[in-house]
Number of protein chains: 2
Amino acid sequence: MERLPPLNAIKAFEVAARAGSFTLAASELGVSSAAVSQQIRNLETWFGKQLFVRSGNRIALTDAGHAIYPQTAKALGDIAAIGRRMLEGGLRTRLVVSVPFSLAELWLAPRLAMLLDAFPQMAIDVRVEDDPVDLMRQNIDLRISYGDYHYPGLKLVRLVHDDVLPVCAPEFWRRHGNGDPSLADLHESQFIHTNWGPNYASHPTWADWFAASGGSRSPDPSHGRRVGLSSLAIASARLGLGIALGQRVMARADLEAGRLIELSPVSVRLGHPYCAFMPPAKADRADVAGLVELLTKTAPATCGKVGAPR
Amino acid sequence: MERLPPLNAIKAFEVAARAGSFTLAASELGVSSAAVSQQIRNLETWFGKQLFVRSGNRIALTDAGHAIYPQTAKALGDIAAIGRRMLEGGLRTRLVVSVPFSLAELWLAPRLAMLLDAFPQMAIDVRVEDDPVDLMRQNIDLRISYGDYHYPGLKLVRLVHDDVLPVCAPEFWRRHGNGDPSLADLHESQFIHTNWGPNYASHPTWADWFAASGGSRSPDPSHGRRVGLSSLAIASARLGLGIALGQRVMARADLEAGRLIELSPVSVRLGHPYCAFMPPAKADRADVAGLVELLTKTAPATCGKVGAPR
DNA sequence: CCCCTCCATAAGTTTTTCTTGCTCAATCCT
DNA sequence: AGGATTGAGCAAGAAAAACTTATGGAGGGG
């Protein structure tokens, strides 16, 4: 193989020639028009021939530009086809989604249910595992992860930046509550503490919530109930076992149904957003794109009063 | 046009798949093997699929890799063909060479004569002009230039880093010389001064030569003969009009024929080398490559004692 | 005739790519 | 076997490429 022309310049040329304008090409490519101008210049320098004639503020292809345009379009189209071909691969079109334990039950499951309602024949695999995950070896199409820092090189979509707030069962509050939303006088044993695990070191604790609400209490985890999973904290609160610091997105259904009540308007933002990651080539797949869109829409930004992030 | 896979990674993949080794691919691409390794990894991340299986120190294509290799090779071949097609362009194959005035007569002309001896039917245009030159607009295939700093983006080949030395006609030296190679006692009017022009500000003067030879004389240009072209300085010396500070490559023929004599082993290196520039795509053309090779071979590095560069 | 759009250019910054230096695993060769 | 060799992976820093911002100029349209 002999020396190739600069491939990114070829790409810029194809778009610019098709668009008939550097500005339009720039917006299609998602860069500034100056960048396109420079790429075209690079290519012209490489060939030693002008590809566009510039007259004032508009451009037109030269003979040479016209001559090569169809070939560039074809070659780039072929390369795009490679990407498409690669995805079909094993001609199974199962959608493989990987989630952390904490999100599987209360967050992902109801949303997948919505998707399956709309497309009942869709084949979805859900894998529950903690970061880090090797998407490549396990043929995972979409990974949901806490934080945007795992998986460099993959396409990232931020889903929701959640917050936590004190919740408990209405019955529990009737029996043990004293009507004070500051929770200042509650007995230590009434608090449910969540042990977030090593991947979630920055998750807020009861001490953080009290700090955000203006207090300075720091309930001792050794006295209250301790659970090792955030969805379990919600479930425990729902069962009337105490007051949990629950994630809003996970408690929402229970709150709306009245199975849980919000004890205070004060909440604490998590340290990181929940994100979806996928191999860039797979982002174009209809099923992946559909799921990401659904998740994006149904994982709304938190509302209500929010305390300072820790 | 949808999103394209990273094109340079595709290129690396094609070479690596063909070579069957990242190391071989690296040497073909002119980069380190680590660079290839990373590019392949990029592409695998993009697709979310492995393209090679690694076992110890060797690699093999996966199914997926095998599936896409032919398509990548084809697409890249098509792009390479674009470059080739571009060069044939107007189906005339005149070789257009552009040189500065100073090199045209005594340096380029005899070398082109050699080329035309070997290929008498070759059509060559020689254009004589000073830097900077617009290669693109004038369809110039090869530009010879003093210095390696003009024409960024073009392929550069360094031809010769020349030096200047005092030369004169044997007859002149017999009549006016005193046998002293330091030239300390020569009358100021015997010196031929070359005015190099604005593009050659760093060219050495008689003062530089005296400094390099250990003296400190600084002949006054207003007394001696002044010429505006280095080849004219040589010609003047040949005609017995004085002692010139001549460029070795330009005086060589006259020196070997005895029409000029070298007055001193001390010479001064020029500030920059002479270089050939060409659009990268044209470097592969047989005629351009042939001429560049000829020029490289017949423009040897200077030999003999050389003073310090100024 | 003025204004507005669009391209060119330069300087500075960011991002990508590459190199260097090291480690590890497999193979080769006495 | 066992040291030597070869080739790939990885991480840090260096180098190169690409991009952005800001500014200027040339046309075309109101």
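Under the side-chain hydrogen bond (donor to acceptor under 3.5 Å, both in side chains) criterion, A:Arg58 pairs with no residue, sequence neighbours left out. By the salt bridge (Lys or Arg N to Asp or Glu O under 4.0 Å) test, A:Glu129 pairs with no residue at all, sequence neighbours left out. Checked against side-chain hydrogen bond (donor to acceptor under 3.5 Å, both in side chains), B:Arg158 has the following partners two or more places apart in sequence or in another chain: B:Asp148. Under the rule for a side-chain contact (heavy atoms from CB on, under 4.5 Å), the partners of A:Leu294 that lie at least two apart in sequence or sit in another chain are A:Met114, A:Leu115, A:Leu291, A:Thr298. Remark: B:Val53 pairs with B:Ala60, B:Thr62 by the side-chain contact (heavy atoms from CB on, under 4.5 Å) rule, at least two apart or across chains. Applying the side-chain contact (heavy atoms from CB on, under 4.5 Å) test to A:Asn57 and every residue at least two apart in sequence or in another chain returns nothing. For B:Ser32, the side-chain contact (heavy atoms from CB on, under 4.5 Å) test picks out B:Ala34, B:Ala35, with sequence neighbours left out.
Distance B:Ile59 CD1 to D:dG7 P: 11 Å, rounded to the nearest Å.
For B:Thr23, a side-chain nitrogen or oxygen approaches OP1 or OP2 of D:dA8 to under 4.0 Å. Within the structure, a side-chain polar atom (N or O) of A:Ser37 is placed less than 4.0 Å from OP1 or OP2 of C:dA8.
Of the candidates C:dA10, D:dG9, D:dA8, the closest approach to any side-chain atom of B:Arg41 belongs to D:dG9.
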Under 4.0 Å protein heavy-atom contact, by nucleotide of nucleotides 22-30 of chain C - B base, S sugar-phosphate only: ----S----
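Residue A:Ser21 is classed as a sugar-phosphate contact, given heavy-atom separations below 4.0 Å to backbone atoms only.
Here the closest non-hydrogen pair linking B:Pro279 and B:Leu154 is CA-CD2, 3.7 Å.
Judged as a side chain to side chain donor-acceptor pair (under 3.5 Å), the pairs with a partner in residues 35-47 of chain B (not counting sequence neighbours) are, in order, B:Glu44-B:Arg54. Counting only residues at least two apart or on different chains, the side chain to side chain donor-acceptor pair (under 3.5 Å) pairs with a member in residues 63-72 of chain B are B:Glu14-B:Tyr69.
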All N/O pairs under 3.5 Å across the protein-nucleotides 15-18 of chain C interface:
unit_1, atom_1, unit_2, atom_2, d
C:dC18, OP2, B:Gln39, NE2, 2.7

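Where the helix from C:dC1-D:dG30 to C:dT30-D:dA1 starts and where it ends, the local axes point in directions that differ by 30°; five pairs per end, rounded to 10°.
Judged by distance alone, with hydrogens and angles left aside, the side-chain atoms of A:Tyr146 form no donor-acceptor pair with the main-chain N or O of A:Cys275 at under 3.5 Å.
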